[in-house]
Amino acid sequence: MLIRTAWADQHGIVRSKSLLPQAFLSTLENGMQISTGTFLFDTGGAIVFNPFVPGGSLDMS
């Protein structure tokens, strides 16, 4: 049995992870890592900002 967790990204697209029951219970206590890669692109697949440059493309030092 798998338990699916889901959340919406900044464009309203549903993202999800499937977890085994024991991993789901651990997630309730400790949180869950999600890939931030999906948050770097717009709905057309173009990169919004490049986090791999100094300042992360956000004019930050």
Side-chain angles (χ1 to χ4, degrees):
M1 173 171 74
L2 292 173
I3 299 169
R4 179 162 292 171
T5 58
W7 61 94
D9 69 9
Q10 72 274 26
H11 305 292
I13 298 170
V14 177
R15 308 293 180 175
S16 67
K17 274 191 172 185
S18 296
L19 303 168
L20 293 170
Q22 55 269 40
F24 178 74
L25 293 174
S26 175
T27 295
L28 292 177
E29 292 184 15
N30 304 310
M32 176 175 63
Q33 294 291 323
I34 61 171
S35 171
T36 57
T38 57
F39 298 102
L40 301 178
F41 300 95
D42 64 14
T43 56
I47 192 164
V48 176
F49 64 91
N50 184 353
F52 303 109
V53 297
S57 296
L58 299 174
D59 295 325
M60 298 171 64
S61 56

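Nothing here was measured: the structure is a model prediction, and the numbers come from that model. Position 1 is the first residue of the sequence; numbering continues from there. Keep in mind that the numbers below use all heavy atoms, side chains included, and drop hydrogens, waters and symmetry copies.
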Test item: [X] and [Y] side chains (from C-beta on) under 4.5 Å apart, heavy atoms:
| X | Y | value |
| --- | --- | --- |
| Asp42 | Val48 | yes |
| Thr5 | Trp7 | yes |
| Met32 | Leu19 | yes |

Do Ile3 and Leu28 sit in the same hydrophobic cluster, where Ile, Leu, Val, Met, Phe, Trp and Tyr count as joined when their side-chain heavy atoms come under 4.5 Å apart? yes
Is the backbone N or O of Gln33 less than 3.5 Å from a side-chain atom of Lys17, with the two atoms forming a donor-acceptor pair by type? yes
Could you tell me the separation between the CG atom of Leu2 and the CZ atom of Arg4, rounded to the nearest 0.5 Å? 8.0 Å
